[in-house]
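Start at 1 and go down the list; that is how both ligands and their atoms are numbered. Please read these numbers as outputs of a predicted model, since none were measured by experiment.
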Amino acid sequence: RPSVAFENVVFGYDPGRTILHGLSFEVPAGAHVAIVGPSGAGKSTIARLLFRFYDPWSGRVLIDGQDIARVTQASLRAAIGIVPQDSVLFNDTIGYNIAYGRNGATHDEIVRAARDAAILPLIERLPDGFETEVGERGLKLSGGEKQRVAIARTLVKNPPILLLDEATSALDSRTEQDILATLHRVSENRTSLSIAHRLSTIADADEILVMEHGRLAERGSHPVLLRAN
Ligand code: ADP
Ligand code: ADP
């Protein structure tokens, strides 16, 4: 379980417009850190730098103490599993959707990922099981079910780091609570970084970073921040 760290990261998309102003934080190995803040604060930018869609102007992004600019794209992708807000499924079978991105996943691994994502009971009720077509051509899944297939797709790669980018923001609050419980369970033996809007969705984080205008405005545990705000 690797640690993740941002070290004095300065970054912007356009010259002359700095978005992250020397950002530093650490997610210790196995810890769960959450980032909250208003829209435009720079939360998704952190995710994009972690995936190396962009490189910092200065400073470093480290995984297990190693500058990610020095690791291959393939090992970076293997290290980090992302669960985005709106997962797009292919017009294909549930099994294909789970195995996608993990070439050569065995049937057992697909079943295990489905179990970990708590979607196995649904699949067992379907006459065609993992062969069930989803999307426009086949079964319409609810938002929550789709999100669980996306979680299984991420878990089948067994990534040591999970990046949850507003993973439950698009769901109604009951579905959100169900899926949060699953995410909590599958994060247990991993290092995780959650990007969130609402404090209620990250109550179990070891540390919460509050971002404003590309800087850390506050940091602390959930009770400490609730007391302060
Ligand atoms: P890469 O290493 O990926 O080639 P660069 O470091 O060259 O990326 O920078 C990418 C973009 O950021 C470019 O458009 C560049 O003009 C801009 N940029 C880089 N450093 C700064 C800076 N200190 N201030 C403003 N813009 C910068
Ligand atoms: P958040 O995720 O906290 O809502 P973002 O990281 O998406 O914030 O955005 C931070 C800032 O960077 C915003 O001012 C946004 O307009 C700007 N920004 C985001 N993406 C781009 C881009 N591709 N090009 C230029 N500016 C961008």
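Shortest contact from atom 10 (C) of ligand 2 to any protein heavy atom: Gly40 O, 3.4 Å. Of the protein's non-hydrogen atoms, the one nearest atom 6 (O) of ligand 2 is Thr45 OG1, 2.5 Å. Taking atom 14 (O) of ligand 2 as the reference point, the nearest protein heavy-atom neighbour is Arg17 NH2, 2.9 Å. With hydrogens left out, the protein atom closest to atom 7 (O) of ligand 2 is Ser44 CB, 3.7 Å, a heavy atom. Closest to atom 8 (O) of ligand 2, if we only count protein heavy atoms, is Gly42 N, 3.2 Å. Atom 19 (C) of ligand 2 has its closest protein heavy atom at Tyr13 CE1, 3.4 Å.
Side-chain contact annotation: Arg190 with Asn158, donor-acceptor N/O pair under 3.5 Å present. For the residue pair Asn189/Arg1, the side-chain donor-acceptor check at 3.5 Å is not satisfied. Checking Thr45 against Tyr54 by side-chain atom types alone, no donor-acceptor pair falls below 3.5 Å. Defined by atom type and a distance below 3.5 Å, a donor-acceptor pair is missing between the side-chain atoms of Thr175 and Asp178.
Between Met211 and ligand 2 there is no heavy-atom distance shorter than 4.0 Å. Ligand 2 lies less than 4.0 angstrom from a heavy atom belonging to Pro38. Residue Ser39 places a heavy atom less than 4.0 Å from ligand 2.
For Phe130 and Tyr96, the ring centers sit 6.0 Å or farther from each other.
Between Asp14 and ligand 2, a contact under 3.5 Å exists for no N or O pair. Considering backbone and side-chain N/O of Ile19, none are found under 3.5 Å from N/O of ligand 2.
Residues Ala152 and Ala113 come closest through the heavy atom pair O-CB, 3.5 Å.
Annotation for ligand 2: atoms under 4.0 Å from non-hydrogen atoms of Ala41 are 1 (P), 3 (O), 8 (O).
Qualifying salt bridge (charged side-chain N to carboxylate O under 4.0 Å, His left out) partners for Glu109, counting only residues two or more places apart in sequence or in other chains: Arg102. Every residue meeting the ring-ring contact (aromatic ring centres under 6.0 Å, His included) condition with Phe51, not counting sequence neighbours, appears here in chain and number order: Phe53.
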